[in-house]
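Worksheet for the structure shown next.
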Amino acid sequence: MNATQLAAYTTSTGEAFQFWVLGTVAVIGALCTVFMKKAVHSALCLAGTMIVLAVFYLANGAYFLGIVQIVVYTGAIMMLFLFVVMLVGVTAADSLKETIKGQRWLALLCGVGFGVLLFAGIANASLKDFDGIGGANANGNVEGLAALIFTKYVFAFEITGALLITAAVGAMVLTHRERTERAKTQRELAEQRIREGVHIPPLPAPGVYARHNAVDIAGLLPDGTTSELTVSKTLRERGQIRDVSTEALNDLKALEQRAEERLERRAVEPATFKRSEEASK
């Protein structure tokens with residue numbers, strides 16, 4: 001057995017330590033992605049798992065895959081998904097609705113099939129001989145990867161591309177809704193609001209009279225109570241509204257007290273000034 005084959009069959013202490021530490025982090029992140037209640041937290045855990053996978057790629061000499069994993073998947077796709085979830089909002093009630101009949105059983109079947117393929121791949125890799133990455137990266141990692149993609153695994157990548165395109169088109173079809181009636185103008189919406197009499201003027205902005213303009217802070221009415229109309233319905237259902245009514249009232253009382261002290265001080269100063277002038281005369 002030469003030096004290359006010996007290096008391929010042996011594992012150093014640093015590699016073993018890296019595998020067990022990062023592997024544990026990756027498994028925990030994957031489990032948190034599935035079991036987290038909030039979609040934002042699940043997306044963050046998935047992004048952390050992808051970063052750990054990128055470190056594995058870089059450690060094994062697959063530099064192109066490692067950089068693509070960070071830049072494309074973690075940096076672009078996952079962050080885009082995270083921003084969409086944060087802007088649109090996903091509640092727990094939405095995730096429990098069955099939009100497609102039988103999708104849970106289909107997802108379970110796909111998960112079992114993927115698990116079988118994964119274990120079969122691991123068993124095949126552990127039973128057969130391998131030469132390491134020296135032969136694959138003989139002319140460079142990018143060139144070796146391109147040779148495998150466009151020769152041996154060209155049909156697999158073509159099928160994967162077709163599946164991704166089908167998924168994108170399916171998402172567009174499911175989210176697109178044809179308008180069945182004419183869109184109402186601003187005048188018609190105003191007339192409808194006045195006829196209903198629910199709330200004739202425009203909705204107040206968040207943070208009004210609350211000494212803050214954040215979207216998650218309810219505005220205060222003149223009597224000091226909070227107005228539910230000043231915050232988004234999505235934030236109310238998700239329980240992400242900060243209550244600052246007591247804090248705002250305390251600040252208002254402190255401001256009024258300082259104003260009264262200044263007014264009293266100004267009222268005392270002229271009288272003292274007049275008495276000092278009379279005494280000088």
Side-chain angles (χ1 to χ4, degrees), residues 1-83 85-86 90 95 104 106-138 140-149 152-153 156-157 159-160 163-164 167:
M1 182 179 296
N2 54 23
T4 304
Q5 293 179 347
L6 183 62
Y9 279 94
T10 58
T11 303
S12 63
T13 305
E15 291 177 346
F17 178 78
Q18 174 192 1
F19 173 78
W20 287 111
V21 173
L22 296 181
T24 304
V25 174
V27 172
I28 293 175
L31 293 176
C32 292
T33 302
V34 177
F35 294 108
M36 279 290 181
K37 295 182 178 180
K38 295 185 177 181
V40 177
H41 297 165
S42 297
L44 290 175
C45 293
L46 184 57
T49 304
M50 288 185 174
I51 292 175
V52 174
L53 293 178
V55 174
F56 280 136
Y57 291 148
L58 295 174
N60 289 320
Y63 306 113
F64 181 82
L65 288 179
I67 299 302
V68 169
Q69 181 76 17
I70 295 177
V71 175
V72 178
Y73 288 96
T74 307
I77 298 177
M78 281 307 305
M79 292 303 106
L80 177 62
F81 176 74
L82 181 62
F83 291 152
V85 170
M86 293 175 65
V90 178
S95 61
R104 295 182 183 273
L106 183 60
L108 179 61
L109 180 62
C110 293
V112 172
F114 179 76
V116 172
L117 292 176
L118 181 63
F119 282 109
I122 295 175
N124 187 34
S126 62
L127 294 178
K128 288 189 175 182
D129 296 334
F130 54 92
D131 298 329
I133 60 175
N137 293 339
N141 178 250
V142 178
E143 184 176 349
L145 183 64
L148 291 176
I149 291 176
K152 185 177 180 180
Y153 300 104
F157 277 91
I159 294 174
T160 303
L163 290 176
L164 292 176

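Keep in mind it's a predicted model, so treat the numbers as computed, not measured.
Atom CZ of Phe56 and atom CG of Leu65 lie 14.5 Å apart (nearest 0.5 Å). Rounding to the nearest 0.5 Å gives a distance of 14.0 Å between CG of Leu145 and OH of Tyr63. How far OG1 of Thr49 is from CG of Leu44: 11.0 Å, rounded to the nearest 0.5 Å. Between the CG atom in Leu46 and the OH atom in Tyr73 there is a gap of 12.0 Å [rounded to 0.5 Å]. Distance check: Ile28 CD1 to Thr33 OG1 gives 11.5 Å after rounding to the nearest 0.5 Å. Here CE of Met36 is found 10.5 Å from CG of Leu31. Values are rounded to the nearest 0.5 Å.
Taking all atoms of both residues into account, the shortest heavy-atom contact from Val52 to Leu22 is CG1-O, 3.2 Å. The two residues Ser42 and Cys32 come nearest to each other via the heavy atoms OG-O, 4.0 Å.
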Are Gln69 and Leu58 close enough, and set up right, to give a side chain to side chain contact (heavy atoms under 4.5 Å, CB included), and what steps lead you there?
CA-CA 10 Å; Gln69 181 76 17; Leu58 295 174; over 6 Å; no
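Open room surrounds CZ on Phe64; 12 or fewer heavy atoms of other groups in view lie less than 6.0 Å from it.
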